[in-house]
Amino acid sequence: MKTDLLNEADELPLVVMPSSAGETGLDSLLQWSVEQRDWIERQLLHYGAILLRGFDVHTAVDFERFCNSFDQHLLNYVGGDSPRQAVTGKVYTSTEYPAELEIPLHNELSYRQLWPRKLFCFCQQPAQHGGETNIADSRKILAKIDPVVSQRFATKQV
């Protein structure tokens, strides 16, 4: 596999791509994700997100196989506020809002007592225009909050 950044000015996300045509298959990706679990975890900790590009993951079933190879404890989307539909197993549609509405940055299911430790996103059909998924490093956002305010959040367990 080879790695790169989308933008040298920003470390989010790390882009991982196959280094040869023989590595593009789903089975190669699954094997790599199992063999390189520690490396992947370290990169997630450092960069905050990993974008996989150029792999033969074409369906929700393929995507779920990858997610399960990486994490056997996937959560159901239960109690979420966004309208979503189950596609297969633990794979759900993105928020089903009209295209002209923007979804602000947020931490997924942060209002619940149990939230995902990792979030996996998959694009089966790219939008003709727009359709971006904005991501940010919550650690950097937290660091910009006034320490008095962030301490109040911590004290109140927010």
Side-chain angles (χ1 to χ4, degrees), residues 1-19 23 29-30 32-55 57 60 62-64 66-84 87 90-158:
M1 301 297 168
K2 59 185 178 179
T3 62
D4 201 356
L5 296 172
L6 282 180
N7 179 346
E8 291 298 326
D10 193 6
E11 289 189 341
L12 181 68
L14 176 67
V15 181
V16 175
M17 302 159 286
S19 56
E23 294 178 337
L29 178 61
L30 297 175
W32 173 80
S33 72
V34 170
E35 291 173 355
Q36 297 300 320
R37 175 97 12 99
D38 291 340
W39 180 87
I40 294 169
E41 292 287 355
R42 286 193 309 277
Q43 302 317 303
L44 282 170
L45 216 78
H46 178 80
Y47 292 99
I50 295 176
L51 173 61
L52 301 170
R53 280 205 164 146
F55 296 96
V57 178
D62 292 347
F63 177 62
E64 187 170 26
F66 167 73
C67 295
N68 279 319
S69 77
F70 192 81
D71 187 345
Q72 292 290 312
H73 305 289
L74 301 175
L75 301 176
N76 287 315
Y77 187 73
V78 176
D81 287 340
S82 298
R84 294 183 176 171
V87 177
K90 306 246 175 146
V91 175
Y92 296 83
T93 60
S94 61
T95 300
E96 296 178 1
Y97 283 164
E100 65 274 5
L101 295 180
E102 184 175 318
I103 300 170
L105 284 174
H106 61 282
N107 288 307
E108 194 70 22
L109 297 173
S110 61
Y111 49 85
R112 307 248 356 240
Q113 288 188 336
L114 180 64
W115 59 86
R117 303 293 294 169
K118 292 176 181 61
L119 195 60
F120 298 86
C121 300
F122 168 65
C123 180
Q124 187 167 352
Q125 177 62 49
Q128 291 185 5
H129 7 289
E132 293 89 1
T133 298
N134 295 317
I135 58 173
D137 189 331
S138 295
R139 300 167 296 187
K140 290 181 180 178
I141 294 171
L142 179 62
K144 292 182 178 195
I145 295 175
D146 182 316
V148 172
V149 174
S150 61
Q151 182 56 48
R152 284 180 64 200
F153 284 151
T155 299
K156 294 181 181 236
Q157 298 183 343
V158 173

Please check if the side chain of Glu108 supplies one atom and the backbone of Trp115 the other of a donor-acceptor pair under 3.5 Å. no
For residues Pro18 and Gly54, report the shortest heavy-atom separation together with the two atoms involved. CG-O, 3.4 Å
Enter the distance from Arg152:CZ to Ser150:OG here, rounded to the nearest 0.5 Å. 11.0 Å
According to side-chain hydrogen bond (donor to acceptor under 3.5 Å, both in side chains), who are the partners of Glu23, at least two apart in sequence or on a separate chain? Ser19
Taking atom CD as the centre, does Gln157 end up with more than 12 heavy-atom neighbours from other residues, nucleotides or ligands that are less than 6.0 angstrom away? no
Minimal non-hydrogen separation, Tyr92 against Asn76, with atom names: OH-OD1, 3.2 Å
I would like to know whether Phe66 and Leu30 meet side-chain contact (heavy atoms from CB on, under 4.5 Å); could you show each step before the answer? CA-CA 6 Å; Phe66 167 73; Leu30 297 175; 4.0 Å; yes
Candidate pair Met1 and Phe55, rule side-chain contact (heavy atoms from CB on, under 4.5 Å), full reasoning: CA-CA 11 Å; Met1 301 297 168; Phe55 296 96; 3.6 Å; yes
CG on Leu12 to CG on Asp137, rounded to 0.5 Å: 6.0 Å
Could you tell me the separation between the CD1 atom of Ile141 and the CZ atom of Arg139, rounded to the nearest 0.5 Å? 11.0 Å
Residues 117-127 side chain polar contacts: donor-acceptor under 3.5 Å, at least two apart:
| from | atom 1 | to | atom 2 | distance (Å) |
| --- | --- | --- | --- | --- |
| Lys118 | NZ | Glu41 | OE1 | 3.4 |
| Lys118 | NZ | Glu41 | OE2 | 3.3 |

Heavy atoms of Val87 and Ala60 approach each other most closely as CG1-CB, 3.5 Å
Looking at Gln128, I want to see if its CD is surrounded by more than 12 non-hydrogen atoms of other residues, nucleotides or ligands under 6.0 Å. no
Donor on one side chain, acceptor on other, Ser94 and Arg84, under 3.5 Å: no
When rounded to the nearest 0.5 angstrom, what is the spacing between NE2 in His106 and CG in Asn134? 10.5 Å
Shortest non-hydrogen contact from Ile135 to Ala49? CD1-CB, 3.8 Å
Here the pair of heavy atoms bringing Val91 nearest to Glu64 is CG2-CB, 3.6 Å
Indicate yes or no: at least one non-hydrogen side-chain atom of Val16 is less than 4.5 angstrom from one of Trp32. yes
Across all chains, not counting sequence neighbours, the side-chain hydrogen bond (donor to acceptor under 3.5 Å, both in side chains) partners of Asn107 are Ser138
What is the minimum heavy-atom distance between Ala136 and Leu105, and which atoms define it? CB-CD1, 3.8 Å
Any Leu14 side-chain heavy atom under 4.5 Å of Leu51 side chain: no
